[in-house]
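Reminder, nothing fancy here: chain letters follow the sequence lines and each chain counts from 1.
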Amino acid sequence: MEKEITAREAADILSELADLMEIKGDNRYRIRAYQNAARSLSSVSEELKVLVAEDRLTEIKGIGEGLSATIKEIFATGTADQLEELKRELPAGLLDLIEVPGVGPKRAHQLYYQLEVSGVEDLKKALQEKRVRELEGFGPKLAKNLKEAVARYESFQERMKINEADCLAERIGEHLERKPELYLKYTTAGSLRRRKELVKDIDILMIPADPESDGLENHLRELEGLHKVESAGSSKITLVLESGVKVDFRLVAEDEFPAALIYFTGSKEHNVKLRQLAKEKGYFLNEYGLFSRENRENREDSEGREDFAERGDSGENEDLKDPEDGEYREDLDLSESSRGGNLGKKSEGDAASGFSSEGDESAESGIYHFFGLDFIEPELREDRGEIEAARKGELPDLIDFSDIRGDFHLHTRYSDGAYGIEDMAVAARELGYEYLAVTDHSKSLRIASGLSEERLREQLEEIGRLKDRISGIRILSGIEVDILPDGGLDFSDDILRRLDLVIASIHSGFNQSREENTGRLVEACRNPEVDIIGHPRGRLLGRRDAYRVEMAEVIEAAAETGTCLEINASPSRLDLDDLLARQAASRGVRLAISTDAHHTGELSDMRLGADVARRAWLEKQNVLNALPLDDLLEFLA
DNA sequence: GCCGTTTTCGGCCCGACTGTTTTCAGTCG
């Protein structure tokens, strides 16, 4: 059965249609109509199925008879004749071309029709050969900027945002779980497991049920979205997806799993430190296990891995794993049961499926404990002092998503959000929160329909009414007030004072000097009405660098004034990043993790923010929204 | 292509910024 098209997906198709129409040079107002329709369609709360069945699409603002017919066609067939025709006419690469910052539809049009540039690669070549000079409006500076933009585009192409990587990993997991007989266990490793904000490829560690069988390889060949199997050996299978993303499967024996998981989780720097520790103790560590150096010599005389796979079924490994034993005895020869003995963990039987992490921790902790270290969470494994801290028993008690009690930064239909206050509150309540703050844009941000004083008053009234109607979650009134180019705020203190919570953010004047931007943020910190500085560095991953700002000064100002800094959990921002958040916390600044959700679904981006916080070594007490409601209210007062 | 209504077609969001120009076009948000 065909997959049913959702409103969101239909909206995406309309957007694509609009993009192609734009490149082709269609009527701009017609294009805008498509874009408008896409936007309103993507934010309808009703199911597309229902809207189509009841022929009520034209009730949606921006959708008339024509677009209603197009949307019905998309719902019925998954595409539209118009779109297919445009796709035949214009190369697909043009859609990539307009993803390059600085190239919009007009320039893409020029490039394609005058220079036959039909993709990013072509553009790169045309820039190198200086052919773009032939085009009207393309001067030397633009050429230089485009060169940089292409370089950034390409480097970004190599890495995907963590939420995209999560999606892919989930899809692969679903595919694997259709044939659970193929493996004993699998789990993600690499930078995805360390929860880095950008991920280059996906590493999956697996214990195959039968290393000799080619069943796994054959099953992987049926993965949806597969471009090709790049390599397939006994210990590694590499897939290339249509999106260009590589997926590495590392295949290990059961007893190799703990060491392999540490090795493939990395980081490289962390692993180097661990291996140094091993050496000091007269052992060595690699992806197959932890070995005494003495036996290593023996091993090199014999044949390698086969030897390891044979051992490991004796009971010693279980003893090693038992935390009740405390420190491993120095005299314990890890390889006594056979050559190459290691700290393997026997399968728990039911741990066979899913990206389980419980089992992973206990598997790995044996090795850490052996070195006299506390277990080190994957998010900390960057050689940023975690090994030293683990030795002293001073690792942080990391914050967890389950510690989060509310969200401070979200938008509703009052500005550029897709849902009403009530919808967002109910969705937040479903996440188990105690509170949320409604923080729409302020008046100067016209592009996002920023609130006038009047609209803000209306919103306050609605929040007042909802407080009685919605139980189980407290709705706080707030605003994301613009820090204006001159450093002032978009609303007077008198107005801000009436709100429960104020976030101040920069959305304009990005090109001011370092001193000016720093001054704007410091001034915002000093305003007693401001509780949180929103997305302090203003970066958009892969699209826009952070604006110039001296964060150390901002952090000091935040520390002095008790202002919180935001960890914006939107996967395109993740701003502050792990390093700056850690720096801020070390200066005593509290961090507010918030999603900047414009949609109910985006409220769950909170997990990504929590990941950043964990990478920043944050504990509960460093995080404003880990506070219970009463403590929060006291803080805000 | 949609909307509103001046019921039959004209107007459709807009300011900042950059780089190209010599008064504006393209992009971005």
Going by distance alone, is a donor N or O of one side chain under 3.5 Å from an acceptor N or O of the other, for A:S444 and A:D482?
no
Looking across every strand, which nucleic acid part, if any, lies under 4.0 Å from A:Y34 by heavy atom: base, sugar-phosphate, or nothing?
sugar-phosphate
In whole Å, I'd like the distance from the CD atom of A:E134 to the P atom of B:dT20.
16 Å
Pairing check on B:dT8: which nucleotide meets the Watson-Crick or G-U wobble criteria with it, both distances under 3.5 Å?
none
May I ask you to check whether A:H411 and A:E602 show a side-chain donor-acceptor distance below 3.5 Å?
no
Starting from C1' on B:dG26, measure out to CG on A:L97 and report it in whole angstrom.
14 Å
Base, sugar-phosphate, or nothing: which does A:P105 touch, judged by heavy atoms less than 4.0 Å apart?
sugar-phosphate
Evaluate the ring planes of A:H599 and A:Y419, with Trp represented by its six-membered ring, and classify them as parallel (under 30°), tilted (30 to 60°) or perpendicular (over 60°).
perpendicular
Does B:dT18 have OP1 or OP2 sitting under 4.0 Å from an N or O in the side chain of A:N511?
yes
For B:dT20 and B:dG10, measure between their P atoms and round to the nearest Å.
38 Å
What is the nucleic acid contact for A:E136, judged by heavy atoms within less than 4.0 Å: base, sugar-phosphate only, or nothing?
nothing
Consider the side chain of A:L540, meaning its heavy atoms from C-beta on, and name the nucleotide among B:dT27, B:dG29, B:dC12 that approaches it most closely.
B:dG29
Tell me which nucleotide among B:dG19, B:dT20, B:dT27 gets nearest to the side chain of A:K106.
B:dT27
From A:L410 atom CG to A:M424 atom CE, the distance as rounded to the nearest 0.5 Å
4.5 Å
Would you indicate which nucleotide in B:dC13, B:dC2, B:dG19 comes nearest to any side-chain atom of A:R32?
B:dC13
Over all strands shown, is A:I31 touching base, sugar-phosphate only, or nothing at heavy-atom distances under 4.0 angstrom?
nothing
